Structure formats: structure tokens, C-alpha cells
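In what follows, a single structure is set out as C-alpha cells and then discussed.
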Amino acid sequence: MILQTTFPGHSLWLSCSAHRLHPFLFSKRRRRSSLSYWHFNRLRPRLFAVAASENGVFTSPEIAKTFDFTSEEGIYNWWESQGYFRPNLDRGSDPFVISMPPPNVTGSLHMGHAMFVTLEDIMVRYHRMKGRPTLWLPGTDHAGIATQLVVEKMLASEGIKRVELGRDEFVNRVWEWKEKYGGTITNQIKRLGASCDWNREHFTLDEQLSRAVIEAFVRLHEKGLIYQGSYMVNWSPSLQTAVSDLEVEYHEESGTLYYIKYRVAGGSKSDYLTIATTRPETLFGDVAIAVHPEDDRYSKYINRMAIVPLTYGRHVPIISDKHVDKDFGTGVLKISPGHDHNDYNLARKLGLPILNVMNKDATLNKVAGLYCGLDRFEARKKLWADLEETGLAVKKEPHTLRVPRSQRGGEVIEPLVSKQWFVTMEPLAEKALRAVEKGDLKIIPERFEKIYNHWLSNIKDWCISRQLWWGHRIPVWYIVGKDCEEEYIVARSEDEAHRKAQKKYGRDTKIYQDPDVLDTWFSSALWPFSTLGWPDESIEDFKRFYPTTMLETGHDILFFWVARMVMMGIEFTGTVPFKYVYLHGLIRDSEGRKMSKTLGNVIDPLDTIKEYGTDALRFTIALGTAGQDLNLSTERLTSNKAFTNKLWNAGKFVLQNLPSQNDASAWENILSYKFDKVELLGKLPLPECWVISKLHLLIDTVTASYDKFFFGDVGRDTYEFFWGDFADWYIEASKARLYHSGGDSVASVTQAVLLYVFENILKLLHPFMPFVTEELWQALPYRKEALIISPWPLTSLPRKSNSIKRFENLQALTRAIRNARAEYSVEPVKRISASIVANEEVTEYIVKEKEVLASLQARFAKHPFYRFSSRHVSLWIIFHLAEGQKYSWNADQSVHLVAGEGLEAYLPLADMIDITAEIQRLSKRLSKMQTEYDGLKARLSSPKFVEKAPEDIVRGVQEKVDETEEKITLTKNRLALLKSTVVVT
């Protein structure tokens with residue numbers, strides 16, 4: 001079957017009864033086109049627009065031009081006041097439980113918080129809508145070092161030192177600070193839309209959690225898993241405490257490598273070893289000199305003694321060890337086990353003594369002799385000067401160092417042997433390894449299982465004591481007058497400790513508590529079960545919600561927190577504390593750099609929310625992939641702010657084309673349409689059947705992605721459907737029926753479909769964009785409940801694949817015509833004609849859709865055409881079918897378009913361009929290309945060029961020749977076509 005369409009003056013012929021049609025024209029996805037271009041059918045004011053705003057919380061799109069970000073806090077407070085964040089235990093199904101990683105009480109919202117809040121809230125909102133009792137348990141961490149630092153600085157500004165106040169008074173001051181400022185981070189997290197059960201909020205120093213911490217310590221000690229000893233730790237001289245590996249950051253910094261002579265005892269002046277070190281002040285702690293056993297330079301000195309410089313002749317052995325790097329420095333290693341982690345491990349393996357030369361404040365102690373009392377860096381300068389004076393300094397040269405600095409204070413961390421409390425980790429780690437091996441715990445992405453297994457397989461004992469005043473006091477008491485290392489009591493309270501001491505040592509025994517506190521990570525390791533009532537396992541929350549379902553956090557604390565929670569959960573409750581671990585990456589700037597104040601590239605979430613809205617921020621950061629870092633840019637935020645506006649304008653269009661809510665008959669008709677049966681779907685017109693089929697496919701795909709935690713796929717797929725299918729295509733299609741249909745019954749089908757599709761889009765997007773979706777949902781008529789608790793769309797709903805294919809044919813034809821116009825630079829207002837060739841099957845469904853394609857003649861009676869305009873396309877179109885009329889066109893002078901199987905089009909060139917001008921332009925272009933081609937061929941014909949020029953240059957010229965030759969051929973063909981068109985004309 002052949003149809004002819006004109007743009008605008010010719011005719012479309014079809015051997016059937018006459019119809020005059022003005023079709024809609026579809027455009028390819030227009031990501032930034034505004035719905036304000038749509039011609040709305042302005043109906044009378046709706047009662048539901050008033051209902052949506054009557055409580056002062058929600059505003060209808062019919063009233064507001066755009067979504068107002070300032071309304072987000074009001075919506076959030078309304079959700080919370082209605083109790084929607086609490087688990088609905090009436091549902092009775094398997095609960096979904098997630099414990100929020102507790103941010104530091106001193107914290108201020110940053111993008112890392114925004115990431116975990118967004119991802120966890122997506123999970124919680126999805127499972128809440130799926131009908132599961134859902135608990136998201138929030139809380140904050142007491143952050144021992146960070147909080148103590150903050151309060152100490154505050155006191156310093158008042159001229160007060162911590163030690164002047166005393167421990168009890170200082171702790172009281174910290175509690176006062178916490179009560180005044182500790183809620184800041186919580187309120188900021190709420191601003192992100194976190195639907196936590198705030199009635200169950202915890203703080204790691206709460207009475208309940210403190211009881212759990214003491215119980216855990218006592219039980220571990222009773223099993224022989226906690227012990228006290230002197231071992232190498234990361235020491236913070238300024239904070240005067242040991243710090244965890246997580247609180248140490250390594251920086252590449254410019255430093256110096258010092259070369260020092262160590263004379264061989266009993267040898268001549270030429271018998272010495274030159275040692276390269278970056279920390280010469282630690283030479284006072286040297287206990288041995290090591291060389292590689294196969295290093296011929298030093299083999300004659302093995303088993304002899306070396307003299308440590310400036311120590312009045314102290315001798316140390318020269319030993320061999322295969323771990324010495326022969327190529328680093330001079331190949332000679334000084335072993336200072338009191339001040340280097342590697343040296344410490346080597347000394348313990350070889351049975352060497354450990355010598356400490358530093359005080360806790362990083363000044364040198366009496367072991368350093370004349371340098372005693374000097375700061376470590378001052379001692380380094382003086383020591384080098386003395387070495388130069390005595391002729392023992394060889395040289396010094398610039399060297400890039402990997403310097404360990406305190407995450408809190410920025411000072412250089414000192415490896416130091418110190419008396420601390422430790423947990424024996426190996427037996428705990430074995431159970432945690434088996435949990436992943438047996439599948440009791442699943443880590444997402446799976447590749448992090450290897451890292452988890454490697455760390456637990458090589459785990460070291462955990463230093464859990466900190467020399468601070470703010471935190472959980474270690475529940476250990478010593479006996480006055482007894483050796484602390486041998487005589488101590490572990491108890492759950494001071495009264496219990498007194499009773500134990502008096503029973504063992506007599507009624508007059510006096511005790512005092514260990515001054516140290518526990519590592520903050522110790523209390524955090526108990527977080528999933530201590531927050532639910534443990535150690536009292538009879539508490540209802542513990543029985544109902546433990547073990548939890550999910551632990552979501554950054555991949556950088558897989559070891560320091562996640563693995564420890566798994567170990568402690570198994571140890572104290574007999575089961576893993578959660579079924580899944582979801583690890584997110586870091587948020588970086590647009591160039592992939594880590595955000596830092598130094599680089600000036602920090603993006604503040606609260607500032608971002610003010611400018612772009614919470615929904616745009618959440619949608620942007622949720623599109624990442626689990627475990628991978630995300631580059632955040634203002635371009636992405638701007639794009640997703642536009643997405644929020646597009647959603648708002650789509651809601652405006654839907655609302656303005658629904659009947660008034662007091663029109664009971666119209667609404668009864670609309671609400672009577674059901675789309676859950678395939679036979680009902682088959683009765684729908686093509687555009688309606690297509691969009692619902694696509695929606696049902698989307699629901700299945702998105703639901704599966706939610707269940708697999710593929711949140712990036714969820715966001716992208718829903719975005720593509722809403723913008724690419726619903727807004728760009730179906731809304732345009734719906735206008736023909738809404739404004740120019742054959743009657744109310746036809747319009748009601750379209751209204752029902754618009755409402756059905758849009759409300760399901762809101763459901764699918766709600767976990768990502770809770771505020772704008774709830775606002776739009778409340779504006780829709782006949783909402784029985786809030787969107788946050790509305791049921792998730794059903795899956796496995798019917799779809800018609802043939803309708804999808806047919807509609808895609810129409811889309812393909814539209815895109816092909818638009819692309820042809822662009823290729824030939826047809827002005828937007830210029831009208832062109834087209835001849836459409838279609839087989840009988842295609843013709844049949846086009847005819848069936850004559851109502852959708854019907855002319856807007858009622859509205860544009862004085863105009864012989866319908867104008868569709870958008871940012872990308874502006875075409876003047878007429879479709880005219882008349883029985884008995886014949887088609888005619890000259891295919892040789894037309895652009896041939898193949899839209900799909902059984903659907904083609906021919907666009908006459910004469911309608912699209914000024915042929916004479918185009919021939920002149922192409923002739924000039926051909927002449928220029930021919931000149932270029934001849935020059936390139938001449939170069940290749942020259943033996944000197946081919947023989948002497950580099951191979952890649954010759955190859956590049958040949959490729960350019962081939963490319964130019966192809967362009968010349970295409971241009972000649974196009975010229976021939978244009979010239980033949982002139983002749984025909």
C-alpha cells in the first residue's frame with residue numbers, strides 16, 4: 001500500500017474511505033524540552049487542587065509553577081508526625097531492618113553522609129511500599145578523639161586546660177556540649193529525607209549501649225580473648241593516645257634521606273657500613289644492622305659488631321636477613337624495633353630486644369643521652385650537625401616520604417611500643433570467614449569478598465584501649481599496692497569490683513579503675529544488636545528485628561567496622577548481624593579528585609539542596625554503581641533538577657486534563673478502567689496499549705533491579721521511560737484525543753491511561769525522589785493514603801509486544817523524517833511533502849488510529865495545517881486521504897527513508913532545499929576535495945616520501961586518501977541526484 005503525505009500542500013492517498021487527518025508528530029527524546037510548550041486544555045478549577053493544599057503542607061502543580069524546595073521540610077515533618085517512619089507490625093511479613101552507620105556526634109553533613117543516607121533511604125522506602133515491616137534504626141557515635149578535641153579547643157578559648165578541670169568535670173562539660181550541639185548532624189540527615197524511626201534513635205554512650213559495651217568486654221575477658229601487654233601502636237603525641245589504623249592518613253611529602261657511617265668494631269677506618277635513613281634520631285634505638293645474605297658487598301661483616309654513632313661505643317650485631325632490599329639506599333638496614341612497625345615485627349621474629357628512645361610527647365628520653373628532652377624534629381637537626389662534625393655524616397639527599405599523620409590533629413604519628421589492652425582476633429575471624437564461605441553473609445559487590453577474606457586471614461590483634469577521658473571507661477580495677485599487670489579485676493560495675501576485691505584480698509582492700517577508655521570502634525562493633533536491646537535478648541525489638549537485613553556503608557571501612565561487627569555478632573548472638581553488606585564508593589569531584597578543603601573542591605550537601613533540591617541531589621548520587629567511586633558535577637545536578645521540573649510539569653499536564661472531581665460520572669468512568677488483564681489491554685488504542693505495555697515491562701525490570709540492589713539501573717530505566725516514552729511521546733499522542741477526539745468516551749480512555757501511568761511512575765521514583773513525588777501524589781484525585789505507604793505496583797502485568805513494535809514503527813518514521821530535515825538543513829518553518837509506502841498490515845493499524853491522528857480542524861478550522869513545535873523539531877504537516885485518488889511521486893528525486901519493516905517514506909528534494917544553490921555549494925566543495933586528494937596522491941607517488949617518511953606518517957596519508965576518496969564519491973552521487981532533479985523540474 002502506498003500513501004502520500006505532504007508537508008504541507010500535497011496529499012496522502014489511500015484506497016479507502018476519505019478521511020482528513022492531522023497527526024501528532026513524535027520527536028526523539030528531548031532531554032531539556034519544557035512541558036510549558038504543551039497546549040493545555042484549561043478546565044475549571046479542580047476541587048482536588050484545593051484538597052492537596054488545604055492542610056498547608058502540599059501544593060498542587062495547578063497552583064505552583066514549579067516544585068518549591070522549601071516545602072521539603074514541611075513534607076518531612078508531616079510524614080514523621082503521621083508515624084510513617086515506624087515499622088508497621090500489622091503487616092506481619094519478614095521485616096526489613098537496617099542500622100544506620102552512626103555519624104560522629106561532632107560531624108557536619110558532607111557528601112559521604114548524603115551517599116549513605118540516600119542509598120539506605122531508597123532501600124527502606126522500597127521495602128516499606130512492598131509491604132514489609134520496615135525499621136531503619138538511627139543513631140550517632142560519641143567519637144572519642146574528635147569530641148574530646150572539640151571540647152578541649154572550646155575550653156582553650158576560655159583559657160582553661162583539661163587537666164585543670166579534672167576528669168569528672170571535663171566529662172560533664174563534654175556532655176553539656178553534646179546536649180547543645182550534638183543534634184546538628186541528626187537534623188541535617190533529616191534534611192536529606194531519611195525516613196528513620198527517630199523514636200529508636202541511639203547514642204553510643206547511652207545507658208543501654210554502655211551496658212552492652214561492658215558486657216562484651218567482660219565476656220571476652222572471661223574467654224581469655226582480652227589481654228594487656230606492651231606492643232607497637234600508632235601513637236599520637238599531641239593527643240597522648242593510641243589511635244586506630246583508620247585514624248592514620250598517609251601523605252606523600254618531600255623529605256630527606258640521610259646517609260650515616262656505622263663503623264665495624266675491631267676494623268680499620270675503611271671498615272664501615274653506610275646506612276640510609278629518613279629518621280636519624282631513632283638510631284639511639286638501633287638493636288641490630290641487617291644486610292642481605294647474598295649481598296657480596298657486606299658478606300664479610302655478617303656476625304660481627306657495628307658501633308652505633310654518638311652512643312659512646314654501643315655495639316649492635318650485624319646480621320643477615322633475606323627481607324633486606326639490596327637495591328634500596330645502600331642495601332644496609334638499621335633495625336629500630338621501638339619505632340618502626342616492620343622493624344618491630346622483624347625483631348620479634350629474631351628475638352632481638354626492643355629499645356624505646358621517645359617519651360609519650362615525642363621528646364627523646366634518657367636513652368638518647370645528651371639529646372634527652374629534645375623534640376624529635378629538633379633532635380634530628382642537632383644530630384645531623386653532630387654527625388657532620390664527627391665525620392660520620394656521608395651525605396643527605398631529597399626523598400619523597402610516605403608520612404603517617406593523625407586524621408584528627410594532622411600531626412605526624414609515632415610508631416611506639418606502649419602498654420595497651422588487646423583483643424585476640426584469630427578465633428573470632430575464623431567464624432567470620434566461614435559466614436561468607438557458607439553464604440550466611442553476602443557482600444555486594446562480590447569482589448570485596450576477596451578483600452574481606454584476605455584481611456581476616458591475616459588479622460592482627462586489636463588494640464582497644466585509648467588514653468582519653470571521653471568514652472567508655474575500661475571496666476578494669478587495680479588493687480592499690482599491687483602490680484597492675486598481675487593483679488586486676490574485671491567487673492560490670494565498681495560495686496561488683498569492690499566485692500570481688502574484698503573477697504580475694506580482704507575487707508580493707510582499696511581499688512582504682514583503669515584510666516583508659518575503649519576504642520570507639522569497640523562500641524560500634526556491637527551496634528546492630530546493642531541498639532536492639534542486647535544483652536537482654538528477651539526484649540521484643542531484639543526478638544523481632546535481629547538479625548538485621550542490611551548493612552550499608554563505604555567500602556573503606558570494610559575492615560575497621562563491618563568485619564568487626566560480623567565477628568562480634570557471631571560471638572555474642574550466635575548469628576551474623578545482617579544478611580547483606582552493600583558497599584558504596586567515594587564521591588569525588590567532576591575531575592575524579594577526592595574532595596578536600598586544600599583543593600577547594602568540596603561540595604556542601606546543604607548548599608546543593610538549596611540550589612537544586614534534595615530530590616535532584618539524591619537522584620544524582622544514587623545513579624552510581626555499588627563499590628565504585630562517583631564523580632559529582634554541577635552539570636549532573638542541573639540536569640536532574642531539570643528532571644524534577646519535567647516531572648512537575650507532567651503532573652500539571654495530567655491534572656489539567658482530568659475532569660473536575662465533583663464530576664462523579666466522569667470519574668466513575670475513568671476509575672472503571674483496569675489494565676491488569678491482557679484481553680482488556682488488547683482493546684486499547686495503539687498509543688495507550690503501547691505506553692501501558694512499556695510501563696508493565698518497566699515495573700518488572702525496575703522491581704528486579706531493586707531486589708538485586710542495582711539502584712543505578714533503577715534510576716536510569718525509570719528516567720528513560722518517563723522522559724523518553726511518557727513525556728516525549730505519549731503525552732504528545734494524548735493531546736489529539738483530549739482536544740480533538742470523537743467524544744467523552746474516547747477522552748476518558750486517555751485520561752485513565754494518563755493517570756494510571758503517571759501514578760505508577762511516581763511510585764517507582766518515590767524511593768529516589770521522595771519529596772516531589774509525594775507532592776504530586778497528594779495533588780492527584782482519590783488518593784486514599786500517602787505515597788510513602790502506598791503499595792508497590794504489581795509485577796507480571798500484561799503487555800502487548802506487537803503494539804510496542806507497531807508504535808516503534810511510527811516513532812522510527814518520525815525520527816527518520818526529522819533527521820533528514822536536519823541533514824539537509826531544512827529551516828524549521830519550511831513545509832515539505834512526503835510519500836509514505838506501507839504494506840497492508842501497517843496501513844491497517846494506521847487507519848485504526850485515525851482518531852489519534854485526526855486533524856485539529858475543530859480548533860484550527862481556518863488553517864490548512866497543524867503546527868507542532870518543540871526545541872528540536874518544528875514541522876508543518878498535512879495528511880489527506882481521499883478515496884479513489886491516485887498517488888504520484890518521483891523516487892529518483894527524493895530522499896528515501898526506511899522507518900521499519902513495511903513502512904518507508906520518500907521526501908522530495910525540491911521541497912527541502914534550493915537545488916540550484918545546493919549544486920553550487922557542493923560543486924565548490926567537490927573541487928576543494930579533489931585538489932586535496934590530488935595533493936595527497938602526489939605525496940604517495942613520491943619514492944622519497946614513501947622511503948624516508950616514518951611508517952606511521954605514510955600510513956596516515958594513505959588513510960586520508962581513502963577517506964577523501966570516499967567523500968568525493970558521495971558528493972558526486974549527491975550532485976548527480978540534484979542535477980537530475982533540475983532536469984526533471
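These figures come from a predicted structure and were not determined experimentally. Positions are given from 1 along the sequence.
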Contacts of Lys382 that satisfy side-chain contact (heavy atoms from CB on, under 4.5 Å) - sequence neighbours left out: Tyr371, Leu374, Asp386

Is the [atom1] atom of [X] crowded by more than 12 outside heavy atoms at less than 6.0 Å?
X: Lys450; atom1: NZ; value: no
X: Asn303; atom1: CG; value: no
X: Tyr272; atom1: OH; value: no
X: Phe377; atom1: CZ; value: yes

Partners meeting side chain to side chain donor-acceptor pair (under 3.5 Å) with Ser465 (sequence neighbours left out): Gln420

Residues in side chain to side chain donor-acceptor pair (under 3.5 Å) contact with Ser523, at least two apart in sequence or another chain: none

Test side-chain hydrogen bond (donor to acceptor under 3.5 Å, both in side chains) applied to Arg405 and Glu253, Glu247, Glu249, the passing residue: Glu253

Residue that, paired with Glu281, satisfies side-chain hydrogen bond (donor to acceptor under 3.5 Å, both in side chains) out of Arg380, Lys381, Arg376: Arg380

Without hydrogens or angle criteria, can the side chains of [X] and [Y] be said to hold a donor-acceptor pair below 3.5 Å?
X: His142; Y: Thr204; value: yes
X: His341; Y: Asn234; value: yes
X: Thr363; Y: Asn359; value: yes

Matching residue for Asp629 among Arg588, Lys594, Arg593 - test: salt bridge (charged side-chain N to carboxylate O under 4.0 Å, His left out): Arg588

Side chain to side chain donor-acceptor pair (under 3.5 Å) evaluation trace for Ser236 with Ser238: CA-CA 6 Å; Ser236 171; Ser238 175; 5.5 Å; no

Pair Asn356-Asn365, side chain to side chain contact (heavy atoms under 4.5 Å, CB included): steps then yes or no: CA-CA 8 Å; Asn356 176 30; Asn365 61 25; 4.2 Å; yes

Aromatic Tyr259 / basic Lys395 pairing, under 6.0 angstrom, 45° off normal: yes

Note: Arg279-Glu414 ion pair, threshold 4.0 Å (strictly below): yes

